[in-house]
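In this text, all values refer to a predicted model and were calculated from it rather than measured experimentally.
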Amino acid sequence: MARRLNMVFLVALAVTALIQSSVAQTTFQVGDALGWTIPPNTAAYSTWASNKTFTLNDILVFNFTTGQHDVARVSKANYDSCNPANPISIQNNGPATLTLNETGAHYYICTISSHCSLGQKLAINVTTTTSPAPQPSTSPTATPTPAPTVAPVPSTHAPAPAPPTTATPPSSTTSPPPTTATPPSSTTTPSAPTPTGVSAPPPPPSSATSLGVTGLCATFLSIVIALLY
């Protein structure tokens with residue numbers, strides 16, 4: 001009886017594990033409606049995978065036409081350089097179905113012509129849980145960068161300030177006061193008119209004549225005194 005109960009318990013556990021496995025398994029159509037082809041831009045498949053979580057036993061379906069494309073799992077170095085040499089695995093017939101049976105980063109490219117360089121490449125990260133996991137970093141494809149708009153540089157040449165007005169210092173030389181004309185004296189007595197017919201008195205002798213007379217007198221007096229003695 002106990003053995004039978006143990007068998008029932010083990011079967012129940014196995015069934016539960018199978019149910020959980022089937023529920024957790026998710027099938028992804030790579031690129032959705034685009035499929036597996038040369039994308040319209042090089043970031044198309046990176047954008048498609050950026051909002052998805054890939055876990056163990058999930059399935060990737062690569063929809064492509066046989067002979068026009070293929071899908072190869074490669075190393076990161078070959079993924080970055082689009083080198084198809086020594087792939088980990090390769091599928092030539094479309095559509096190709098791949099089961100994610102390993103955790104970690106997975107890299108896929110198309111090995112035909114230059115399809116990989118044109119953006120037909122996919123990088124995903126596989127985890128053991130259903131919580132979102134960051135996708136592996138990929139080498140960005142060179143895209144033209146728009147030239148930055150150069151803002152006009154304000155002029156650094158400010159207008160020259162007006163020269164300061166210099167006050168003219170007062171002259172150290174004092175201008176002489178203007179000469180005031182002296183009004184004629186009001187006390188000047190006008191000369192009386194000389195009566196007609198009367199001669200004017202003779203002018204007084206000049207001082208030179210007076211000196212000459214005085215000298216002669218002194219000389220004469222000296223002679224007289226000499227004769228007396």
Side-chain angles (χ1 to χ4, degrees), residues 13-151 153:
L13 287 178
V15 171
T16 302
L18 289 173
I19 293 174
Q20 289 179 346
S21 177
S22 63
V23 171
Q25 187 182 71
T26 304
T27 299
F28 295 94
Q29 301 290 331
V30 176
D32 293 332
L34 177 64
W36 183 242
T37 185
I38 298 175
N41 60 76
T42 56
Y45 290 111
S46 297
T47 303
W48 173 83
S50 63
N51 60 353
K52 294 175 175 58
T53 301
F54 303 94
T55 59
L56 279 174
N57 299 319
D58 283 350
I59 296 173
L60 298 181
V61 178
F62 293 82
N63 288 313
F64 60 89
T65 302
T66 301
Q68 294 184 4
H69 304 286
D70 61 17
V71 55
R73 183 182 173 189
V74 297
S75 65
K76 185 180 187 305
N78 286 358
Y79 174 87
D80 291 339
S81 61
C82 286
N83 184 0
N86 303 318
I88 298 171
S89 65
I90 187 169
Q91 301 290 328
N92 296 307
N93 297 324
T97 301
L98 302 178
T99 301
L100 303 176
N101 53 14
E102 294 180 8
T103 58
H106 291 229
Y107 301 94
Y108 303 95
I109 66 172
C110 179
T111 66
I112 294 177
S113 186
S114 59
H115 294 188
C116 175
S117 300
L118 295 173
Q120 193 174 356
K121 57 197 298 187
L122 171 67
I124 64 172
N125 190 43
V126 180
T127 64
T128 57
T129 62
T130 56
S131 58
Q135 300 305 317
S137 60
T138 60
S139 299
T141 304
T143 54
T145 303
T149 303
V150 179
V153 179

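For the pair I59 and T97, the minimum side-chain heavy-atom distance is below 4.5 Å. For the pair I88 and Y107, the minimum side-chain heavy-atom distance is 4.5 Å or more. Contact of the I124 side chain with the F28 side chain is not registered, since no non-hydrogen atoms from C-beta on lie closer than 4.5 Å.
Minimum heavy-atom separation, A123 to A49: O-CB, 4.2 Å. Closest non-hydrogen pair, I109 versus W36, comes out as C-CZ2, 3.8 Å. Taking every heavy atom of both residues into account, G31 and Y45 meet most closely at CA-CE2, 3.9 Å. For the residue pair P87 and P84, the shortest heavy atom distance occurs at CD-O, 3.4 Å.
For D58 (side chain) and T55 (main-chain N/O), a donor-acceptor pair under 3.5 Å exists by modelled atom type.
In this structure, CZ on F54 lies 15.0 Å from OG1 on T103, to the nearest 0.5 angstrom. Rounded to the nearest 0.5 Å, atoms CD1 (I38) and OG (S114) are 6.5 Å apart. Distance CG/L56 to CG/L100: 8.0 Å, rounded to 0.5 Å. Interatomic distance, NZ of K52 versus CG of N125, reported as 15.0 Å (0.5 Å rounding).
In N86, the CG atom is not crowded: 12 or fewer heavy atoms of neighbouring residues, nucleotides or ligands sit closer than 6.0 Å.
Screening residues 67-110 for disulfide bond (SG atoms under 2.5 Å apart) gives C82-C116 as the qualifying pairs, with residues at least two apart or on separate chains.
Judged as a side-chain hydrogen bond (donor to acceptor under 3.5 Å, both in side chains), and not counting sequence neighbours, N101 has no contacts.
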Output a table of donor-acceptor pairs, distance under 3.5 Å, between side-chain atoms of residues 60-73 and any protein atom two or more places apart or on a different chain; print 'none' if there are none.
unit_1	atom_1	unit_2	atom_2	d
N63	ND2	Q29	OE1	2.7
T66	OG1	G94	N	2.9
H69	ND1	H115	ND1	3.2
H69	ND1	Q120	OE1	3.2
H69	ND1	Q120	NE2	3.3
D70	OD1	T111	N	2.8
D70	OD1	T111	OG1	3.2
D70	OD2	T111	OG1	2.4
R73	NH2	E102	OE1	3.4

